[in-house]
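Presented below is the structure to which this report refers.
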Amino acid sequence: MRKKYVLVRRPAKSLQDGLVTHIERETVDVELAERQWESYVAALTGAGWDPVEVAPAGDLPDSVFVEDTVVMFGALAVLTSPGADERLDEIDGVEESLTALGLEVLRIERPGTLDGGDVLKIGTTIFVGRGGRTNSDGIRQLRKILAPRGYSVVAVPVTKALHLKSTVTALPDGTVIGYRPLVDDPFVYDRFLEVPEPSGAHVVILADDTVLIASSAPESARLIEGLGYRVISVDISEFEKLEGCVTCLSVRIR
Ligand SMILES: NC(=O)NCCC[C@H](N)C(=O)O
């Protein structure tokens, strides 16, 4: 069986200086964050994923949110063009890890901006959030890269949260789940299921029958379990204080 790699990046010592846009700033316990990160990586490993650690970047507070720096399409890695200038320097370290894995690497360039947190892949349909971090030129560039490879890019406005995937993600069967007050328009998706908690909208698909969710969303976890999935919960409270969620801490490479 082919190895399933997952890219992760250890939290920076300066984590507490990470950006906050839509929520009030709270003090981050960096030591607790480190322990939570270890448990998060252990959950991925336990589900059969092989972690590849991008070299840590002590002076880049948001570097742990590695999802925003690259989007994978099979063996193609598209490095992003982060919408926040403070995050631009995160790209180089990620590129080194991707090249070392022998992947084809392309990139979105300024003036285009695109954050990985704005990209939701469901089969060959790629939903891209147009919001605070991703602009129309970034979407245009991604569309140009993906069209010849058989993907269609569907752009959707995001006005109520940081990223598209702060508002919705998808279950293994393709059902889009979201916390309704944060979703601009649920009708852009073929199937939409409302979850009862904001962080319940975020799942990482670990296998066809298994998803990872934050422990801050117990009711949503029960709802998803009721649909026949195995649900693994992890506490990521310190990352949630910086508008992070379970998806943003890793990038799966299949
Ligand atoms: N994909 C994600 O949900 N990323 C979270 C990024 C949080 C970080 N503090 C930021 O504002 O960029």
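Since the model is a prediction, treat every value here as computed from it, not as a measurement. Remember, it's 1-based here, ligands and their atoms both numbered in the order they're listed.
- Residue Glu67 has at least one heavy-atom neighbour below 4.0 Å for each of these atoms of ligand 1: 1 (N), 2 (C).
- Ranking the protein heavy atoms by distance from atom 8 (C) of ligand 1 puts Asp62 OD1, 3.2 Å first.
- Distances shorter than 4.0 angstrom do not occur between any heavy atom of Lys165 and any atom of ligand 1.
- Using a non-hydrogen distance threshold of 4.0 Å, Asp68 registers as a contact of ligand 1.
- Here the options are Leu223, Val203, Ile224, the test is side-chain contact (heavy atoms from CB on, under 4.5 Å), and the partner is Val231; only Ile224 passes.
- Neither the backbone nor the side chain of Val20 comes within contact range of ligand 1; no heavy atom lies under 4.0 Å.
- For ligand 1 and His163, the ligand atoms under 4.0 Å from any heavy atom of the residue are 1 (N), 2 (C), 3 (O), 4 (N).
- For the side-chain hydrogen bond (donor to acceptor under 3.5 Å, both in side chains) condition, the pairs that include at least one residue of residues 217-226, sequence neighbours left out, are Glu197-Ser220.
- The protein non-hydrogen atom at the shortest distance from atom 7 (C) of ligand 1 is Leu242 O, 3.2 Å.
- Looking at Thr134, its side chain never comes within 3.5 Å of a backbone N or O of Gly131 through a donor-acceptor pair.
- For atom 2 (C) of ligand 1, the closest non-hydrogen atom on the protein side is Cys248 CB, 3.0 Å.
- At least one heavy atom of Cys245 sits less than 4.0 Å from an atom of ligand 1.
- Residue, atom and distance of the protein heavy atom nearest to atom 5 (C) of ligand 1 are Glu243 O, 3.5 Å.
- Annotation for ligand 1: atoms under 4.0 Å from non-hydrogen atoms of Gly117 are 1 (N).
- Defined by atom type and a distance below 3.5 Å, a donor-acceptor pair is missing between the side-chain atoms of Ser63 and Arg9.
- Because its NZ or CZ atom is not both nearer than 6.0 Å to the ring centre of Phe127 and within 45° of the ring axis, Lys121 does not count as a cation-pi partner of that residue.
- In this structure, Arg133 is part of the shell of residues with a heavy atom less than 4.0 angstrom from ligand 1.
- Partner of Leu98 under the side-chain contact (heavy atoms from CB on, under 4.5 Å) criterion, chosen from Thr69, Val52, Leu79, Val78: Leu79.
- A donor atom on one side chain and an acceptor atom on the other are not found under 3.5 Å apart for Ser166 and Glu243.
- Using modelled atom types, no side-chain atom of Ser81 and backbone atom of Leu114 make a donor-acceptor pair closer than 3.5 Å.
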